[in-house]
K.L.:
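What follows is a single structure, and I will ask about it in a moment.
Atom set for the values below is all heavy atoms of this structure, side chains included, hydrogens, waters and symmetry mates excluded. Owing to the predicted nature of the structure, the values given are computational and were not obtained by experimental measurement.
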Amino acid sequence: MVVVSVPAEVTVILLDIEGTTTPVAFVKDTLFSYIKENVKEYLQTHWDEEECQEDVSLLRKQAEEDAHLDGVVPIPVASGDAVDDLQQMIQAVVDNVYWQMSHDRKTTALKQLQGHMWKAAFTAGRMKAEFFSDVVPAVKRWREAGMKVYIYSSGSVEAQKLLFGHSTEGDILELIDGHFDTKIGHKVESESYRKIADSIGCLTNNILFLTDVTLEASAAEEADVHVAVVVRPGNAGLTDDEKTYYNLITSFSELYLPST
């Protein structure tokens, strides 16, 4: 087994989710498939609720900002016959969501609706988050050693908390000290990692970031954050140069914490 020693100055473990703690297949085949299969039913069921109307307004505003892009689906406002208007608006929202997801958009409007849909599904017990078997034991071990553990994902903080609160391992939210999403900055920008360190109250070189994406790893390194690249089934392949350059782990159990 390959062992990667954690530098002595590290006091914080920062974790990506997709491809790091959680199989890519769960995110793509379960979480995002659920949105595509259920968005129309969800809108029809929750349309009159304030939260849903706020989501639709945000999506409409985003569509207006995206008007210059090919294929964008505008979302109309009510004008004439109430029944026809409603079905037309709902279908426009559905088509807009499909368009954004097909282009892997990460807009706040899309993430907000997705987060609310997942919340309804998780709290109703229709879905449980999956984690690799080494994740929870390792996080418990790190915390016992005095480490802080944070999450940094492109998924919203709300969605992150749903995953950790409704998992096949039970409610494991208490194992996580805090959550960051792209509101603090994009994961491929080094400044994001400096902001995270400031928010936690530590130096950037006190952080070890675990991710499966080398562009994120590179951005973190530019900010003087320690990095290990996680190689999991279903993750994108690495180039020979990347395999040589980065510390690679296939399991969190391969991280060795030096005794303090």
Side-chain angles (χ1 to χ4, degrees), residues 2-22 106 108 111 129 131-132 134-165 167 169 171-232 242 245-260:
V2 175
V3 174
V4 172
S5 289
V6 177
E9 67 264 30
V10 168
T11 57
V12 173
I13 310 286
L14 184 64
L15 300 174
D16 170 50
I17 293 180
E18 183 180 355
T20 299
T21 65
T22 300
K106 302 195 186 296
T108 299
K111 292 292 182 186
F131 292 94
F132 291 108
D134 56 276
V135 171
V136 173
V139 171
K140 288 179 177 176
R141 196 166 59 248
W142 299 337
R143 289 178 62 89
E144 287 168 4
M147 293 283 181
K148 298 285 189 181
V149 180
Y150 290 82
I151 305 298
Y152 182 28
S153 171
S154 58
S156 69
V157 167
E158 183 179 23
Q160 295 173 32
K161 289 180 177 179
L162 285 171
L163 291 180
F164 285 87
S167 83
E169 307 280 339
D171 183 347
I172 54 174
L173 258 180
E174 64 180 14
L175 297 178
I176 307 302
D177 291 287
H179 301 258
F180 298 97
D181 58 22
T182 50
K183 285 180 181 175
I184 204 156
H186 292 290
K187 297 175 74 180
V188 295
E189 296 172 357
S190 58
E191 184 59 25
S192 304
Y193 299 89
R194 297 186 186 98
K195 289 179 179 177
I196 286 173
D198 286 343
S199 177
I200 293 171
C202 67
L203 301 174
T204 52
N205 73 345
N206 296 143
I207 299 173
L208 171 63
F209 180 45
L210 305 184
T211 179
D212 62 310
V213 179
T214 53
L215 283 174
E216 297 173 4
S218 176
E221 275 200 336
E222 283 180 30
D224 202 24
V225 168
H226 298 282
V227 169
V229 172
V230 185
V231 180
R232 302 283 200 183
E242 288 170 338
Y245 179 78
Y246 289 106
N247 285 321
L248 306 180
I249 59 172
T250 60
S251 166
F252 287 0
S253 63
E254 294 170 2
L255 285 177
Y256 172 70
L257 300 181
S259 56
T260 53

K.L.:
Minimum heavy-atom separation for M147 and V10, please, with both atom names.
P.N.:
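That would be CE-O, 3.2 Å.
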
K.L.:
Rounded to the nearest 0.5 Å, how far apart are NZ of K111 and OG of S154?
P.N.:
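Rounded to the nearest 0.5 Å, the NZ-OG separation comes to 4.5 Å.
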
K.L.:
Please round to the nearest 0.5 Å and tell me the distance separating atom NE2 of H179 and atom CZ of F164.
P.N.:
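One gets 7.0 Å once the value is rounded to the nearest 0.5 Å.
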
K.L.:
Would you compute the distance between atom CG of L14 and atom NZ of K148 and round it to the nearest 0.5 angstrom?
P.N.:
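If I round to the nearest 0.5 Å, the distance is 14.5 Å.
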
K.L.:
side-chain contact (heavy atoms from CB on, under 4.5 Å) for T20 and F252? Distances and angles first, verdict last.
P.N.:
CA-CA 9 Å; T20 299; F252 287 0; 3.8 Å; yes

K.L.:
For residues 135-146, dump all side-chain donor-acceptor pairs below 3.5 Å to protein atoms at least two apart in sequence or in another chain.
P.N.:
{"unit_1": "R143", "atom_1": "NH1", "unit_2": "L175", "atom_2": "O", "d": "3.0"}
{"unit_1": "R143", "atom_1": "NH1", "unit_2": "D177", "atom_2": "OD1", "d": "3.3"}
{"unit_1": "R143", "atom_1": "NH1", "unit_2": "D177", "atom_2": "OD2", "d": "3.0"}

K.L.:
List the atom pairs, donor and acceptor, that lie under 3.5 Å between side-chain atoms in residues 209-220 and the rest of the protein, sequence neighbours left out.
P.N.:
{"unit_1": "T211", "atom_1": "OG1", "unit_2": "V213", "atom_2": "N", "d": "3.1"}
{"unit_1": "T211", "atom_1": "OG1", "unit_2": "E216", "atom_2": "OE1", "d": "2.7"}
{"unit_1": "T214", "atom_1": "OG1", "unit_2": "E242", "atom_2": "OE2", "d": "2.8"}
{"unit_1": "E216", "atom_1": "OE1", "unit_2": "K187", "atom_2": "NZ", "d": "3.4"}

K.L.:
Please report the closest heavy-atom contact between I176 and Y150, naming both atoms and the distance.
P.N.:
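In terms of heavy atoms, the two residues are closest at CG2-CA, 4.4 Å.
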
K.L.:
Would you say E254's side chain and V4's backbone share a donor-acceptor pair under 3.5 angstrom?
P.N.:
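Such a contact is absent between E254 side chain and V4 backbone.
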
K.L.:
For residues S153 and I17, report the shortest heavy-atom separation together with the two atoms involved.
P.N.:
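That closest heavy-atom pairing would be CB-CD1, 3.8 Å.
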
K.L.:
Going by atom type alone, with no hydrogens or angles, which donor-acceptor pairs under 3.5 Å involve a side-chain atom of residues 199-208 and a protein atom two or more places apart or on another chain?
P.N.:
{"unit_1": "T204", "atom_1": "OG1", "unit_2": "A223", "atom_2": "O", "d": "2.7"}
{"unit_1": "N206", "atom_1": "OD1", "unit_2": "L203", "atom_2": "N", "d": "2.9"}
{"unit_1": "N206", "atom_1": "ND2", "unit_2": "E9", "atom_2": "O", "d": "2.9"}

K.L.:
For D134, which residues count as a side chain to side chain donor-acceptor pair (under 3.5 Å) partner, sequence neighbours excluded?
P.N.:
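Side chain to side chain donor-acceptor pair (under 3.5 Å) list for D134, sorted by chain: R232.
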
K.L.:
Assess the residue pair K161 and L173 against the criterion (side-chain contact (heavy atoms from CB on, under 4.5 Å)); give the C-alpha distance rounded to whole Å, side-chain angles, the decisive distance to 0.1 Å, and a yes or no.
P.N.:
CA-CA 7 Å; K161 289 180 177 179; L173 258 180; 4.0 Å; yes

K.L.:
What's the shortest heavy-atom distance between Y152 and D181, and which atoms?
P.N.:
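Answer, listing the atom of Y152 first, then D181: CE1-O, 3.6 Å.
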
K.L.:
Grab the two heavy atoms, one from V230 and one from G19, that are nearest each other, plus how far apart they are.
P.N.:
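That would be CG1-O, 4.2 Å.
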
K.L.:
Working to the nearest 0.5 angstrom, can you tell me the gap between H186 NE2 and E191 CD?
P.N.:
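Separation between the atoms: 13.0 Å.
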
K.L.:
Working to the nearest 0.5 angstrom, can you tell me the gap between R194 CZ and E222 CD?
P.N.:
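One finds 7.5 Å between CZ of R194 and CD of E222.
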
K.L.:
S251: what forms a side chain to side chain donor-acceptor pair (under 3.5 Å) with it, not counting sequence neighbours?
P.N.:
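S253.
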
K.L.:
Could you pull out the closest heavy-atom pair between F131 and L163, with the gap in Å?
P.N.:
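Scanning both residues, the minimum pair turns out to be CE1-O, 3.8 Å.
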
K.L.:
Apply side chain to side chain contact (heavy atoms under 4.5 Å, CB included) to S5 and list each qualifying residue two or more places apart in sequence or on a separate chain.
P.N.:
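S5 satisfies side chain to side chain contact (heavy atoms under 4.5 Å, CB included) with Y256 once adjacent residues are dropped.
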
